[in-house]
Protein chains: 2
Amino acid sequence: MKRNTWQREAVRTALGSNEGFVSAQSLHSTLRDTGSPIGLATVYRALADLAVEGEADSLQSLEGESLYRACTPGQHHHHLICRNCGLTVEIEADAVELWAQSVASEHGFTQPNHVVDVFGLCAECTAQVRPGR
Amino acid sequence: MKRNTWQREAVRTALGSNEGFVSAQSLHSTLRDTGSPIGLATVYRALADLAVEGEADSLQSLEGESLYRACTPGQHHHHLICRNCGLTVEIEADAVELWAQSVASEHGFTQPNHVVDVFGLCAECTAQVRPGR
DNA sequence: ACAGTAATGAGATTCGTTATCAATAATACA
DNA sequence: TGTATTATTGATAACGAATCTCATTACTGT
């Protein structure tokens, strides 16, 4: 049976108080910095669990590490992510869902999944990068 | 200056004679199996180069490793990938391009990139998985 | 042919993640 | 409330993908 531990709750909270996607490693050091003696393996396990339960989204960063972010559970959505500061906006895209479905069945594919994420520079980071040039 | 070596050519050829996405590791062992004494590091370097030059597409597998595939250079496209056998179909999606653009600018994001891939079971694998059930 | 130097490759190294396993602590039940 | 059960934890080892090192090799222009 599943048990409630302060460790899981700590991970859930830390994840929730974050604007964008975070790696397990950085979440772990954040927790350690706030005095929590939580172990690294536990953070990995908690994040994997949250992702399975639908309380967190995960994606692969371009460097190959897994990033996590709290999300509103239950509803399918995609992300608009600032590649500079990590700020993330959840976006819905019914049109894209339908497109994925139809493209798959057009080619005889079944059980379609899809990975749809948009990366860019958020307004703030855009302003910082080119202040007056 | 850039030089032509049989190693680069071997990687290009091996990649081209493959239906779907392959990892650097498996491409390396394939080459080794055919008698080529090419080194692993070289395969990694050649694949990275091909990806930069636009002769290969790359994506992150769900397990976090980078997969590569030969592609028609120059044109932007996405992929429909069989998650069982790796068969890949290149798909164009102007509608999705435009959607990504507009969604980004709606939220003040600039320089939008996007990751759009559809995974599924190809017709053949669908038939194999559930033969008559 | 030859010099200059990009490319190679075996092995060491880095880094993210998972497995191990004894110790701990959350839950069910008497 | 006390106790037995067993899921969970965490320090560390192990693993695997990818990169780096650096001496050696071999393209290329002259």
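What you see is a predicted model, and the numbers here were worked out from it, not measured in a lab. Residue numbering restarts at 1 for every chain, and letters A, B, ... go by the order of the sequence lines.
For DNA chain C, the neighbouring residues in residues 7-22 of chain B, judged by any heavy atom under 4.0 Å, are B/Gln7, B/Arg8. Of the residues in residues 50-59 of chain B, not one places a heavy atom less than 4.0 Å from an atom of DNA chain C.
Under the side chain to side chain donor-acceptor pair (under 3.5 Å) criterion, A/Asp49 pairs with A/Arg8, not counting sequence neighbours. With sequence neighbours excluded, no residue satisfies ring-ring contact (aromatic ring centres under 6.0 Å, His included) with A/His28. Annotation: side-chain contact (heavy atoms from CB on, under 4.5 Å) contacts of B/Ala93 (sequence neighbours excluded): A/Trp99, B/His78, B/Val96. Checked against salt bridge (charged side-chain N to carboxylate O under 4.0 Å, His left out), A/Glu63 has no partners two or more places apart in sequence or in another chain. Residues that satisfy the side-chain contact (heavy atoms from CB on, under 4.5 Å) test with A/Thr42, not counting sequence neighbours, are A/Gln7, A/Ile38, A/Arg45. A search for side-chain contact (heavy atoms from CB on, under 4.5 Å) contacts involving B/Glu124 returns B/Cys122, B/Gln128, not counting sequence neighbours.
Within the 4.0 angstrom heavy-atom criterion, no nucleotide atom of any strand lies near B/Leu40. Among the protein residues, A/Glu63 comes within range of no part of the nucleic acid, since none of its heavy atoms lies under 4.0 Å from any strand. Within the nucleic acid shown, A/Ser23 has no heavy atom closer than 4.0 Å to any nucleic acid atom.
Within the structure, the ring-ring contact (aromatic ring centres under 6.0 Å, His included) test picks out no pair touching residues 32-74 of chain B (sequence neighbours left out). Sorted by first and then second residue, the pairs that involve residues 83-92 of chain B and meet salt bridge (charged side-chain N to carboxylate O under 4.0 Å, His left out), not counting sequence neighbours, are B/Arg69-B/Glu90.
Between A/Trp6 atom CH2 and D/dA7 atom P the separation is 21 Å, expressed in whole Å. Spacing between atom CD of B/Gln25 and atom P of C/dG9 amounts to 15 Å, rounded to whole angstrom units. In this entry the distance linking CD1 of B/Ile38 with P of C/dA7 reads 14 Å, nearest Å. A straight line from CZ of A/Arg32 to P of D/dT9 spans 14 Å, rounded to a whole angstrom. Here D/dA18 presents its C1' atom at 15 Å from CG of B/Leu27, a figure rounded to the nearest Å. Taking atom NE2 of residue A/His28 and atom P of nucleotide D/dG10, one finds them 8 Å apart after rounding to whole Å. Rounded to a whole Å, the CD atom of B/Glu65 is 14 Å from the C1' atom of D/dC15. If you measure from atom CG of A/Leu31 to atom P of D/dG10, you get 11 Å, rounded to the nearest angstrom.
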Exercise. Between B/Val118 and A/Phe109, is a side-chain contact (heavy atoms from CB on, under 4.5 Å) present by the stated rule, with each step listed?
Worked result: CA-CA 10 Å; B/Val118 182; A/Phe109 279 60; over 6 Å; no
For this session: Decide side-chain hydrogen bond (donor to acceptor under 3.5 Å, both in side chains) for A/Glu97 and A/His114; before the verdict, give the C-alpha distance in whole Å, the side-chain angles of both, and the deciding distance to 0.1 Å.
Result: CA-CA 8 Å; A/Glu97 311 296 327; A/His114 53 267; 3.0 Å; yes
For this session: Could you please spell out the steps behind the side-chain contact (heavy atoms from CB on, under 4.5 Å) verdict for B/Leu67 and B/Glu65?
Result: CA-CA 6 Å; B/Leu67 303 182; B/Glu65 56 179 350; 4.2 Å; yes
For this session: Decide side-chain contact (heavy atoms from CB on, under 4.5 Å) for B/Ser58 and B/Ser66; before the verdict, give the C-alpha distance in whole Å, the side-chain angles of both, and the deciding distance to 0.1 Å.
Result: CA-CA 7 Å; B/Ser58 67; B/Ser66 293; 5.6 Å; no
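When each of B/Val22, B/Val52, B/Leu15 is checked for a side-chain contact (heavy atoms from CB on, under 4.5 Å) with B/Leu47, only B/Leu15 meets the rule.
Side-chain atoms of A/His77 and A/Thr72, non-hydrogen and from C-beta on, do get closer than 4.5 Å to each other.
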Would you tabulate the pairs of protein nitrogen or oxygen atoms and nucleotide nitrogen or oxygen atoms of nucleotides 27-30 of chain C closer than 3.5 angstrom?
{"from": "C/dT27", "atom 1": "OP1", "to": "A/Asn4", "atom 2": "N", "distance (Å)": "3.0"}

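End-to-end axis angle of the helix from C/dA1-D/dT30 to C/dA30-D/dT1, using five pairs per end and rounding to 10°, comes to 40°.
Ranked by how close their nearest DNA chain C nucleotide is to the 5' end, A/Gly64 and B/Pro37 are led by B/Pro37.
An OP1 or OP2 oxygen of D/dT19 is reached within less than 4.0 angstrom by no side-chain nitrogen or oxygen of B/Tyr44.
Minimum atom distance to the side chain of A/Arg45 is reached by C/dT20, of the listed D/dA18, C/dG9, C/dT20.
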